[in-house]
Q: 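Sharing a structure, written as structure tokens. Questions coming.
All figures in this text were calculated on a predicted structure; none of them were measured in a lab.
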Amino acid sequence: MARGGINKALVMRARQALLARGEHPGIDAIRVELGNTGSKTTIHRYLKELEESEAGQASRSANTLSDELAALIAPLAARLQDEAEETVARMRQQCDAERADFEARLVQAQEQIGQLQGQVDSLSGQLQAETERHQQSREQLQQAEVEQVRLRQANQDQAAHLKDRDEQVRSLEEKHRHSREALEHYRQASKEQREQEQRRHEAQLQQVQMELRQLQQTLILKQDEVTQLNRANERLASENAYRAKELEERRDRLERQAGELAALQGQLSQSHAAREVLQERLGLLQAETGELKATLDTQRQEAQALHIGLAAANTELQLLRQAVANAQERAPEPEASPERQEES
């Protein structure tokens with residue numbers, strides 16, 4: 001029961017005050033607003049009546065507004081209908097054009113499929129040696145999957161083997177670098193020695209005979225070094241030839257594997273995804289073959305550079321020999337010994 005004269009008007013004013021402050025007009029909040037008077041049941045009943053009254057007024061306002069909106073929207077709806085029909089007609093024309101384009105592309109694709117089918121027939125004629133294995137239709141597809149797994153494993157083994165070959169190529173490049181360093185050291189030492197010999201020859205003509213013997217011994221040592229370098233060069237050249245032969249064999253095996261992949265593409269013509277995987281694998285193998293070719297070309301260029309260095313060393317050796325010969329010609333003849341005078 002209401003206490004202290006609580007009525008619907010007081011509850012409405014308390015509710016409006018709470019809404020004005022932005023607070024939720026709950027039963028407890030209204031009771032506090034009323035000074036903690038009135039029962040919660042009475043407040044709840046008045047709140048329900050107020051909410052129902054506001055809902056009815058909103059409904060009547062909505063109906064009036066709906067009629068006004070209907071009068072305004074009717075012309076807009078008709079206009080939207082016309083625009084929609086024009087859009088549908090335009091889209092229908094575009095769809096017809098796209099359909100004609102699609103049919104033309106379909107005809108072109110069918111022609112390409114016919115050409116590809118002709119190529120497949122030609123390849124099947126060239127692979128007569130494997131017709132017995134490739135004539136088992138759908139059962140062969142399962143065998144082809146097994147073969148695909150085997151090829152994947154072989155490809156991994158091949159990659160490991162190529163990695164070992166790369167290590168060998170790097171080792172060979174290291175040997176070439178050491179050879180070039182030895183040749184450069186030899187050239188520098190020869191240059192310094194020639195300068196020293198030239199200074200001794202100009203400063204001490206009386207010791208020409210002794211210097212000539214030293215030069216002859218130096219020439220013998222240099223000839224031994226050149227001989228060793230020539231042998232090392234021949235050994236490197238033979239190793240390069242052997243590596244080139246191995247690379248050629250590896251390329252032949254890769255080409256045979258490429259042929260096997262092409263045959264599998266003919267067998268698995270109904271599985272486009274598998275054919276694309278094989279084509280990507282073939283591209284990787286060809287890229288690796290190109291890298292091997294580039295490595296071989298680099299090795300050949302380094303070998304040519306080593307040959308050029310050896311030729312330069314031989315030229316310097318010939319110049320050194322010519323300098324010794326010139327020194328012998330310019331050297332004074334040794335005085336006759338007492339024994340020779342007595343003999344004469």
Q: So that I can tick it off, tell me whether E54 and R15 are bridged by a salt bridge, with the cut-off set at under 4.0 angstrom between side-chain N and carboxylate O.
A: yes
Q: Rounded to the nearest 0.5 Å, how far does CD of E316 lie from CZ of R187?
A: 5.0 Å
Q: Has H44 got more than 12 heavy atoms of other residues, nucleotides or ligands less than 6.0 Å from its NE2?
A: no
Q: Between CZ of R105 and CD of E98, what distance do you get to the nearest 0.5 Å?
A: 8.5 Å
Q: If you take all heavy atoms of L172 and E239, which pair is closest and at what distance?
A: CD1-OE1, 3.5 Å
Q: Run the side-chain contact (heavy atoms from CB on, under 4.5 Å) test on E23 and L19 for me, step by step, so that the C-alpha distance in whole Å, both residues' side-chain angles and the decisive distance to 0.1 Å come before the verdict.
A: CA-CA 5 Å; E23 298 179 3; L19 291 174; over 6 Å; no
Q: Should R21 and E33 count as an ion pair when the cut-off is N to O under 4.0 Å?
A: yes
Q: Just verifying a value: how many Å separate L320 CG and K191 NZ, rounded to the nearest 0.5 Å?
A: 14.5 Å
Q: What's the spacing between Q223 CD and I220 CD1 if we round to 0.5 Å?
A: 7.0 Å
Q: Between the side chains of R250 and Q158, does any donor sit under 3.5 Å from an acceptor?
A: yes
Q: Taking side chain as C-beta onward, heavy atoms only, is E302 less than 4.5 Å from R180?
A: yes
Q: Under 3.5 Å, is there a donor-acceptor pair linking the side chains of Q228 and R231?
A: no
Q: Counting C-beta onward and ignoring hydrogens, is there a side-chain heavy-atom pair between R31 and I27 closer than 4.5 Å?
A: no
Q: Can you find a pair of side-chain heavy atoms, one from R45 and one from K8, that are under 4.5 Å apart?
A: no
Q: For the residue pair T37 and I43, what are the closest heavy atoms and their distance?
A: O-CD1, 4.2 Å
Q: Do T42 side-chain atoms and G38 backbone N/O form a donor-acceptor pair below 3.5 Å?
A: no
Q: Any heavy-atom pair between the side chains of H24 and L18 that's under 4.5 Å?
A: no
Q: How many angstroms lie between atom CZ of R99 and atom CG of L106, to the nearest 0.5 angstrom?
A: 13.0 Å
Q: Keeping S171 on the side-chain end and E167 on the backbone end, is there a donor-acceptor pair under 3.5 Å?
A: no
Q: I'd like to know whether R256 forms a side-chain contact (heavy atoms from CB on, under 4.5 Å) with D252, so could you lay out the CA-CA distance, the side-chain angles of the two residues, the decisive distance to 0.1 Å, and finally the verdict.
A: CA-CA 6 Å; R256 288 195 297 272; D252 293 338; 3.9 Å; yes
Q: Would you say T295 and T298 are linked by a side-chain donor-acceptor pair, where the criterion is simply a distance under 3.5 Å?
A: no
Q: Quick check: closest heavy atoms across I30 and A14, and the distance to 0.1 Å?
A: CG2-CB, 4.0 Å
Q: Where do Y186 and E225 come nearest, in terms of heavy atoms and distance?
A: CD1-OE1, 3.2 Å
Q: When rounded to the nearest 0.5 angstrom, what distance separates CD in Q94 from CG in D101?
A: 11.5 Å
Q: Which atom pair, heavy atoms only, marks the closest approach of V11 to Y46?
A: CG2-CD1, 3.5 Å
Q: Tell me if a side-chain donor or acceptor on N314 pairs with a main-chain N or O of L310 at a distance below 3.5 Å.
A: yes
Q: Do you see a donor-acceptor pair shorter than 3.5 Å between the side chains of E181 and H185?
A: no
Q: Test Q153 against R150 for side chain to side chain donor-acceptor pair (under 3.5 Å), laying out the working first.
A: CA-CA 5 Å; Q153 183 64 35; R150 184 186 66 81; over 6 Å; no
Q: Please give me the minimum heavy-atom distance between L183 and L229, naming the atom from each residue.
A: CD1-CD1, 4.1 Å
Q: Heavy-atom count around R253 CZ within 6.0 Å, excluding the residue itself: above 12?
A: yes
